[in-house]
Amino acid sequence: SKGSPGGDGKVALGLSGFSDLLSDHMESKYYPRGHTIYKQGAKGDAIYFINSGTVEVSTKDGFRTKLSQGDLFGEGALLDPNGRRSASITCLTPVHAIRIGRDYFEKYVRSNDELNLRLRERDRFRKRDRAKTILRQQKNMRAFDISEGGVLFEHGDEGDALYIVEEGKLDLKSKGGETVLSIGASDICGLHALLMDKPRNTTAVCASEKCILQEMPASEFFKLYNSSDSIGKSLREVAARRDFLKAIVTLTGKTFKDSHLREAFDAVDLDQSGAINLSELKELLNVLDPTLSDKVVQNVMEAMDINSSGTVTWEEFHHIFNQGDS
């Protein structure tokens, strides 16, 4: 929901962010309607900005969306170590695009830490959003609604289903009663208990006049989760970031707001080095659940560590939790 921290807000970025490259390293490309610019699985060698026209982004697992003037695509393969395209791009109209090759892109991004961070988080956001969209497309879910103040599940309940919000808003509350996160229409909740095979670690309360929900049984969820490495990784990242957030609210006893970001970061950065290391992260997560394994702690670190440095810097922390949607 708008204004809620959690790191799934759209990362705004356009051609102006690459203005230094305009003179020599950008190539105009014109593609006819129906042309496939690249296919999923191909080796990526460029990033593209759409100057005019519309393209469809599609994946083999059924995800589809459209991009148009002002949007960019193709950055994921240039940031991913395996360098492979995660989707196919097809022109729905004639398209004029600006192409920047890998060599110039990598040189430019290496020299601009802020842009590097924004691009990497944008790529992660797209993949998380893609996984959520595919979940919403599944059939045979049970629809139901609850009224304002109604409880979907309570802290300590068994986790036997995933929930998708069709309409309304859910507040996820810590054991102490603080609102950790607000979940709006099209978002999901209940991931932690399913992925960790543990009881619910928040209470979910309807915070709007009515909440309309879809219930996906655990068995159906895991069929989809296990069908795609990309979907599995993105959903683990959603759960891990939310657990980080839950742990901070539990530690500080305060609802997580933008005005508390620095205070929250400093509460975890025990040695005040400007970066949260693995041992500090483990100490934080122990507040939420002292039985979490080292592997789980490492998973949370990877979910938060956008630039793969092995720590979570203040810049990364601020970027994740200052974006808007969860």
Grouping I, L, V, M, F, W and Y whenever their side-chain heavy atoms are under 4.5 Å apart, do Phe265 and Leu288 come out in a common cluster?
no
Same cluster for Val249 and Val205 if Ile/Leu/Val/Met/Phe/Trp/Tyr side chains link at under 4.5 Å?
no
Has the side chain of [X] got a donor or acceptor atom that lies under 3.5 Å from a matching backbone atom of [Y]?
| X | Y | result |
| --- | --- | --- |
| Asp171 | Ala207 | no |
| Arg102 | Gly44 | yes |
| Asp129 | Phe125 | no |

Within this structure, what is the [atom1]-[atom2] distance for the pair [X] and [Y], rounded to the nearest 0.5 Å?
| X | Y | atom1 | atom2 | answer |
| --- | --- | --- | --- | --- |
| Ile320 | Leu117 | CD1 | CG | 8.0 Å |
| Met26 | Ile47 | CE | CD1 | 9.0 Å |
| Glu283 | Leu270 | CD | CG | 5.0 Å |
| Met141 | Leu135 | CE | CG | 8.0 Å |
| Glu166 | Ile212 | CD | CD1 | 8.0 Å |
| Thr313 | Asn307 | OG1 | CG | 6.0 Å |

Any ion pair linking [Y] and [X] (charged N to carboxylate O, less than 4.0 Å)?
| X | Y | value |
| --- | --- | --- |
| Glu56 | Arg64 | yes |
| Asp80 | Arg84 | no |
| Arg128 | Glu121 | yes |
| Lys173 | Glu178 | no |
| Asp269 | Arg262 | no |
| Asp123 | Arg126 | no |
| Lys29 | Glu27 | yes |

Would you say Asn140 has more than 12 foreign heavy atoms packed within less than 6.0 Å of its CG?
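Open: at most 12 neighbouring heavy atoms sit under 6.0 Å from CG of Asn140.
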Heavy-atom count check: over 12 atoms from other residues, nucleotides or ligands less than 6.0 Å from Lys43 NZ?
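Count over threshold, so yes.
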Do the ring planes of Tyr31 and His35 sit parallel (below 30°), tilted (30 to 60°) or perpendicular (above 60°)?
parallel
Once you measure the plane-to-plane angle for Tyr38 and Tyr48, does it fall in the parallel (<30°), tilted (30-60°) or perpendicular (>60°) bin?
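Judged by the thresholds at 30° and 60°, the geometry between Tyr38 and Tyr48 is tilted.
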Quick one, Arg122 with Glu75, criterion salt bridge (Lys or Arg N to Asp or Glu O under 4.0 Å). Give me CA distance, side-chain angles, the key distance, then yes/no.
CA-CA 9 Å; Arg122 179 191 180 93; Glu75 75 277 14; 3.5 Å; yes
With no hydrogens and no angle check, do the side chains of [X] and [Y] hold a donor and an acceptor under 3.5 Å apart?
| X | Y | value |
| --- | --- | --- |
| Asn201 | His155 | no |
| Thr133 | Arg130 | no |
| Thr291 | Lys198 | yes |

Does a side-chain heavy-atom distance below 4.5 Å link [X] with [Y]?
| X | Y | result |
| --- | --- | --- |
| Leu181 | Leu245 | yes |
| Glu280 | Asp271 | yes |
| Phe317 | Ile248 | yes |

Decide side-chain hydrogen bond (donor to acceptor under 3.5 Å, both in side chains) for Thr311 and Asn277; before the verdict, give the C-alpha distance in whole Å, the side-chain angles of both, and the deciding distance to 0.1 Å.
CA-CA 5 Å; Thr311 62; Asn277 60 38; over 6 Å; no
Give a yes/no verdict on a cation-pi contact between Arg242 and Phe244, requiring under 6.0 Å between NZ or CZ and the six-membered ring centre and an angle within 45° of the axis.
no
